[in-house]
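Data block below; observations after.
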Amino acid sequence: MRNVPERSKAERFSFIALNRSDFGVRYLCRYLNISPQGFYKWLNRDESTRDIENRRILACIETIYAQHDGNYGSPRISAELKANGERINHKRVERLMREAGIVGKAGRIYRRRPLPGNPCIKVENLQKKHGTFPPTLRPLLAALCLLRGSDVQGTLVRYK
């Protein structure tokens, strides 16, 4: 109950409606800084035209969602509603679907699968295995470097 006073009035009123049998209306109204008269007025009010319209649209969304086996998300459902002659914003469709817990199936991400047998030839890394070139090959390496005109460490040899 600690976070309830920070909520909107409608959420606080619905909290009181749910818990009034356990705590009493006057106690909850005092705790939530709401007048009991405001709660009873909210409790006996008529449903707004916007709520009635949202319920009608949500029923249309659920039928479209069921027709397509749950594959459609909010963009496709809003396009389908517009094709049926409904004037509706995509953000409203998203909000109604989110509040109702309706989620479309995500498409599979294509990833290339490796071939059954590895076609690559694996070659042993001699430099990693021995740290540097094997000691037996160092004289050969020095001779090759001198023939190419470079030092053993890879720097150029300068001739005078």
Side-chain angles (χ1 to χ4, degrees), residues 1-134 150 152-156:
M1 273 177 52
R2 181 175 284 162
N3 294 334
V4 177
E6 301 165 1
R7 304 289 174 112
S8 68
K9 276 194 174 184
E11 290 175 328
R12 288 186 277 175
F13 287 147
S14 63
F15 179 80
I16 293 172
L18 291 173
N19 297 307
R20 68 182 176 167
S21 61
D22 297 332
F23 299 102
V25 173
R26 289 193 181 275
Y27 172 75
L28 289 172
C29 287
R30 196 175 326 115
Y31 179 76
L32 299 174
N33 298 324
I34 295 174
S35 68
Q37 295 85 2
F39 168 70
Y40 285 116
K41 189 174 183 180
W42 175 84
L43 191 63
N44 296 324
R45 77 191 189 297
D46 292 333
E47 194 173 17
S48 68
T49 56
R50 185 75 166 180
D51 289 338
I52 295 169
E53 185 72 15
N54 281 342
R55 267 194 294 113
R56 185 187 66 76
I57 292 171
L58 186 60
C60 294
I61 289 171
E62 288 172 343
T63 56
I64 292 170
Y65 185 78
Q67 283 174 355
H68 297 283
D69 299 324
N71 290 322
Y72 276 17
S74 61
R76 286 182 176 175
I77 288 179
S78 60
E80 184 99 11
L81 286 171
K82 288 175 185 174
N84 293 341
E86 194 77 44
R87 285 184 48 133
I88 189 165
N89 191 339
H90 66 96
K91 294 177 189 176
R92 187 175 185 185
V93 174
E94 290 171 6
R95 179 180 52 81
L96 291 173
M97 287 179 68
R98 189 179 334 109
E99 288 173 355
I102 300 172
V103 180
K105 294 177 188 170
R108 232 191 239 163
I109 298 172
Y110 174 75
R111 289 204 175 100
R112 188 172 173 188
R113 303 248 187 254
L115 296 172
N118 192 356
C120 298
I121 301 169
K122 291 186 179 179
V123 179
E124 187 178 4
N125 189 346
L126 294 176
Q127 190 171 6
K128 189 174 183 180
K129 181 179 177 182
H130 297 292
T132 58
F133 288 96
S150 61
V152 176
Q153 283 80 22
T155 58
L156 292 174

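Computed from a prediction, not measured in an experiment: that's the story for all the values here.
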Quick check: closest heavy atoms across N71 and R76, and the distance to 0.1 Å? O-NH1, 4.3 Å
Y65 to V103 - nearest heavy-atom pair and separation: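 Heavy atoms of Y65 and V103 come nearest at OH-O, 2.6 Å.
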How far does [atom1] of [X] sit from [atom2] of [Y], to the nearest 0.5 angstrom?
| X | Y | atom1 | atom2 | answer |
| --- | --- | --- | --- | --- |
| F13 | I34 | CZ | CD1 | 4.5 Å |
| L81 | I57 | CG | CD1 | 7.5 Å |
| R30 | S35 | CZ | OG | 13.0 Å |
| L43 | S14 | CG | OG | 11.0 Å |

Can any side-chain N or O of R12 pair as donor or acceptor with the backbone N or O of L32 at less than 3.5 Å?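 Yes, because the side chain of R12 sits within donor-acceptor range (under 3.5 Å) of the backbone of L32.
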Listing request: all side chain to side chain donor-acceptor pair (under 3.5 Å) pairs with a residue in residues 37-50, at least two apart in sequence or in separate chains. E47-R55, S48-D51
Partners passing side-chain contact (heavy atoms from CB on, under 4.5 Å) against A66 (at least two apart in sequence or in another chain):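 Listed in chain order: nothing, the list is empty.
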When you look at CZ of R56, are more than 12 heavy atoms from neighbouring residues, nucleotides or ligands closer to it than 6.0 Å?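 Enclosed.
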With sequence neighbours excluded, what pairs up with F39 under the ring-ring contact (aromatic ring centres under 6.0 Å, His included) test? none
Sequence neighbours excluded, the answer for ring-ring contact (aromatic ring centres under 6.0 Å, His included) partners of H68 is Y72
Side-chain touch L58/I102, heavy atoms, less than 4.5 angstrom: yes
Apply salt bridge (charged side-chain N to carboxylate O under 4.0 Å, His left out) to E62 and list each qualifying residue two or more places apart in sequence or on a separate chain. none
Show every donor-acceptor pair shorter than 3.5 Å between a side-chain atom in residues 87-97 and any protein atom, with sequence neighbours excluded, or say none if there are none.
| from | atom 1 | to | atom 2 | distance (Å) |
| --- | --- | --- | --- | --- |
| N89 | OD1 | K91 | N | 3.2 |
| H90 | ND1 | E94 | OE2 | 3.4 |
| R92 | NE | N54 | OD1 | 3.0 |
| R92 | NH2 | N54 | OD1 | 2.7 |

